[in-house]
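Proteins come first, then strands; the chains are lettered A, B, ... in the order of their sequence lines, and each starts at number 1.
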Amino acid sequence: MLRGIKGVKDILPDEIARWQVIEETARRLSLSYGYQEIRVPVFELTELFARSIGASTDIVEKEMYTFQDRDGTSLTLRPEATAGVVRAYIEHNLGGSAISQKFFYLGPMFRHERPQAGRLRQFHQYGVEYFGTRSPLADVEVVSLLWRFLSGLGLPDPSLQVNSLGDAADRAPYKAALLEFLKKREDRLCQNCRRRMETNPLRVLDCKVPGCQAATEDAPRITDHLSAGSRQHFQDVQAGLRDLDIPFSVNSRLVRGLDYYTQTIFEVTCRGLGAQNAVAAGGRYDGLVEALGGASTPAVGFAVGLERVALVLPASAIPPPQKLIFVAAFGQRGMAAGTRVLDELRGLGLRADTDYRASTLKAHLRQADRLGAEYVVIIGDDEVTTGRLLVRNMGTKEQEELSLSTAAQTLKSRLKTG
RNA sequence: GUGGGCGUAGCUCAACUGGUUAGAGCGCCUGGCUGUGGCCCAGGAGGUCGCGGGUUCAAAUCCCGUCGCUCACCCCA
């Protein structure tokens with residue numbers, strides 16, 4: 001038997017309702033905040049991702065699905081969507097539009113990783129990108145949208161952490177200072193962190209090993225090395241969040257895995273996710289548009305891992321399905337009449353179904369029961385003769401006669417009121 | 001890429017120290033109830049014991065390999 005690919009999952013009808021709530025909430029909220037949907041390709045030139053995410057990040061170094069097009073061009077399945085959105089923004093000169101500066105997207109991303117709880121090779125993200133302003137209020141707006149999305153869905157104990165990385169000019173001297181500090185403590189760091197000192201010293205601060213946490217307790221903080229402007233920006237963001245009553249904590253150890261972030265960065269974790277407990281993350285990336293060849297344009301955004309949201313989405317967030325009317329038609333004339341009633345019900349926008357395999361009333365009722373039908377319309381040859389069908393309320397077992405010609409309308413009004 | 005756990009019916013799991021025809025619950029089908037669902041009762045269908053090799057008189061059980069799933073590390077949404 002041919003199986004699906006490792007880490008690439010089917011989303012079966014049983015779980016679709018939870019995905020639909022998540023996606024509909026994302027769309028509705030994004031639009032209400034003034035973000036427009038954008039759909040960018042799932043594959044792009046490899047170079048786009050290498051240049052935006054950072055050539056020496058894990059994502060680019062070993063997690064991309066990269067392949068050659070027929071002419072030898074190197075293409076890659078998108079590991080995240082910001083790069084593509086920025087590319088589209090530049091390519092279509094969206095910065096020149098009076099209205100389109102705020103975008104949201106939903107869709108699959110691809111990373112070649114070992115699957116585990118909350119981590120897949122094809123996974124889905126919802127994200128937004130806000131271009132064209134350095135205002136800290138834009139950072140606040142983006143976080144507020146994210147917070148409303150997550151808390152609106154009722155995720156368990158969401159926790160928002162924020163930090164600032166400053167701008168490129170802030171970071172270089174800080175990195176040097178941090179590295180100097182780490183060298184003095186190298187003997188207390190884990191093997192991984194010693195390697196990180198070479199590749200990305202900021203990551204050492206993010207290490208979960210208790211020994212490393214202790215060793216770096218009094219390490220220099222990035223927030224103490226910010227320029228006056230960067231510090232002010234971070235202060236303003238925090239003030240804005242307080243103003244909107246969005247709970248957060250500053251975590252000066254917070255680091256992001258993608259190279260393009262500047263200034264504000266943030267992450268939301270929540271309970272019940274296992275080891276991969278981040279549901280969403282984002283930040284400002286003021287240098288990316290320019291780095292990809294566009295005009296210098298500040299931007300801020302976030303991405304949410306939808307599988308992770310789905311994993312902890314409470315059942316109460318999932319609305320019950322539309323009430324079902326089941327048509328139990330049997331006998332030669334009954335089936336013909338039943339088909340017409342079924343079509344009429346559907347034409348009125350009601351959820352209605354039948355089972356063509358069932359030939360007896362018993363079989364129909366059993367199927368109706370399994371489907372959780374609210375009402376069953378019973379039509380046999382007798383009913384066709386009298387011109388009156390039976391409507392059975394599956395909850396109360398009450399049955400009443402209705403005229404064949406008006407039954408559909410009557411049921412519609414009944415479902416509205418009941 | 002590294003490490004742990006697990007692969008027996010559609011699903012969840014049994015099968016003691018290797019020992020007859022591999023079982024149960026749920027689900028499914030049929031009948032009791034020939035035009036009335038759930039509950040109950042009776043019966044029934046359904047299994048290459050992940051796959052390959054080895055040890056043995058005998059393997060779901062032991063050994064080796066392999067594939068798959070899963071959790072964790074790394075890293076990340």
Practice problem: Assign M109(A) to base, sugar-phosphate, or nothing according to its heavy-atom contacts below 4.0 angstrom with the strands shown. | Solution: nothing
Self-check item: C1' spacing across the pair rA59(B) / rC74(B), given as an integer number of angstrom
Solution: 40 Å
Quiz item: Do E129(A) and Y89(A) meet the criterion of a side-chain donor-acceptor pair at a distance under 3.5 Å?
Solution: no
Quiz item: Taking only residues two or more places apart in sequence, or in another chain, which ones meet Q409(A) in a side-chain hydrogen bond (donor to acceptor under 3.5 Å, both in side chains)?
Solution: none
Exercise. Please check if atom CZ in R188(A) has more than 12 non-hydrogen atoms from other residues, nucleotides or ligands closer than 6.0 Å.
Key: yes
Quiz prompt | Interatomic distance where CG belongs to D355(A) and P belongs to rG37(B) [whole Å] | solution = 16 Å
Quiz item: Looking only at side chains, do Y33(A) and R148(A) share a donor and an acceptor under 3.5 Å apart?
Solution: yes
Quiz item: Base, sugar-phosphate, or nothing: which does G331(A) touch, judged by heavy atoms less than 4.0 Å apart?
Solution: nothing
Exercise. Would you mind reading off the distance between D206(A) atom CG and rA77(B) atom P, rounded to a whole angstrom?
Key: 11 Å
Quiz item: Can S405(A) and S403(A) be counted as having a side-chain donor-acceptor contact under 3.5 angstrom?
Solution: yes
Quiz item: Would one find a side-chain N or O of Q276(A) under 4.0 angstrom from OP1 or OP2 of rC76(B)?
Solution: no
Quiz item: Under the 3.5 Å rule, do the base of rU36(B) and the side chain of Q399(A) count as making a donor-acceptor pair?
Solution: yes
Practice problem: Return the nearest nucleotide to the side chain of D369(A); candidates are rC75(B), rC73(B), rG37(B). | Solution: rG37(B)
Quiz item: Have Q122(A) and Y65(A) got a donor and an acceptor in their side chains that come within less than 3.5 Å?
Solution: no
Quiz item: Is there ring stacking between F330(A) and rG35(B), where the centres must be under 5.5 angstrom apart and the planes under 30 degrees?
Solution: no
Quiz item: Between K397(A) and rG37(B), does any side-chain N or O lie under 4.0 Å from OP1 or OP2?
Solution: no
Practice problem: Determine the interatomic distance between P on rA60(B) and the same-named atom on rC51(B); round to the nearest Å. | Solution: 11 Å
Quiz item: Could a donor-acceptor pair under 3.5 angstrom be found where the side chain of E61(A) meets the base of rG1(B)?
Solution: no
Practice problem: Please state whether the phosphate of rA77(B), meaning OP1 or OP2, lies under 4.0 angstrom from any side-chain nitrogen or oxygen of R256(A). | Solution: yes
Exercise. Check every strand shown and say whether E113(A) touches a base, only sugar-phosphate, or nothing at a heavy-atom separation below 4.0 Å.
Key: base
Quiz prompt | Nearest-angstrom distance, P atom, rG52(B) to rU34(B) | solution = 49 Å
Quiz prompt | Check: rG35(B) base within 3.5 Å donor-acceptor of R392(A) side chain | solution = no
Quiz item: Across the strands shown, which category fits L311(A) at heavy-atom distances under 4.0 angstrom: base, sugar-phosphate, nothing?
Solution: nothing
Quiz item: What about the rings of F43(A) and F110(A), do their centers lie closer together than 6.0 Å?
Solution: no
Practice problem: By nearest nucleotide on RNA chain B, pick out whichever of V304(A) and A275(A) is the more 5' one. | Solution: A275(A)
Self-check item: Listed nucleotide nearest any side-chain atom of R370(A), set rU36(B), rC69(B), rC28(B)
Solution: rC28(B)
Quiz item: If the P atom of rU12(B) is compared with that of rU2(B), how far apart are they to the nearest Å?
Solution: 29 Å
Quiz prompt | Rounded distance in Å between the C1' positions of rU55(B) and rG65(B) | solution = 15 Å
Practice problem: For RNA chain B, just give me the dot-bracket, please: Watson-Crick or G-U, both distances below 3.5 Å, ( ) intra-strand, [ ] crossing earlier pairs, | paired with another strand, . unpaired. | Solution: (((((((..((((.....[...)))).(((((.......))))).....(((((..]....))))))))))))....
Quiz item: CZ of R357(A) versus C1' of rC28(B): gap in Å, rounded?
Solution: 11 Å
Exercise. For T264(A) and D139(A), test the side chains for any donor-to-acceptor distance below 3.5 angstrom and give the result as yes or no.
Key: yes
Quiz prompt | Aromatic ring proximity Y285(A)/Y260(A), centre distance under 6.0 Å | solution = yes
Self-check item: Gap between atoms CG and P, on L12(A) and rC11(B) respectively (whole Å)
Solution: 12 Å
Quiz item: Taking for each residue the nucleotide of RNA chain B with the nearest heavy atom, is it L390(A) or A278(A) whose nucleotide lies nearer the 5' end?
Solution: L390(A)
Quiz item: Can you find an N or O donor on one side and an acceptor on the other, under 3.5 Å apart, linking the side chain of R119(A) with the base of rC75(B)?
Solution: yes
Exercise. Check the distance between rU36(B)'s C1' and H364(A)'s NE2 and give it to me in whole angstrom.
Key: 12 Å
Exercise. Just compare rU36(B), rA77(B), rC71(B) and give me whichever is closest to any side-chain atom of R114(A).
Key: rC71(B)
Quiz item: Between the side chains of T385(A) and R333(A), does any donor sit under 3.5 Å from an acceptor?
Solution: yes
Practice problem: Pick base, sugar-phosphate or nothing for A281(A), based on heavy-atom distances below 4.0 Å to the nucleic acid. | Solution: sugar-phosphate
Self-check item: Value in whole Å for how far the P atom of rC71(B) lies from CG of N277(A)
Solution: 15 Å
Quiz item: If we take the P atom in both rC40(B) and rG23(B), what is their distance in whole Å?
Solution: 25 Å
Quiz prompt | Nearest-angstrom distance, C1' atom, rU61(B) to rU20(B) | solution = 16 Å
Exercise. Take atom CZ of R308(A) and atom P of rC76(B), then tell me their distance rounded to the nearest Å.
Key: 11 Å
Quiz item: Does the side chain of Q116(A) get closer than 4.0 angstrom to OP1 or OP2 of rC73(B) through an N or O atom?
Solution: yes
Quiz prompt | Any R366(A) side-chain N or O less than 4.0 Å from OP1/OP2 of rU30(B) | solution = yes
Quiz item: Think K362(A) has a side-chain N or O under 4.0 angstrom from the OP1 or OP2 of rG37(B)?
Solution: yes
Quiz item: When rounded to the nearest Å, what value does the distance between C1' atoms of rC49(B) and rG7(B) take?
Solution: 10 Å
Quiz item: Between rC76(B) atom P and L258(A) atom CG, what is the distance in whole Å?
Solution: 7 Å
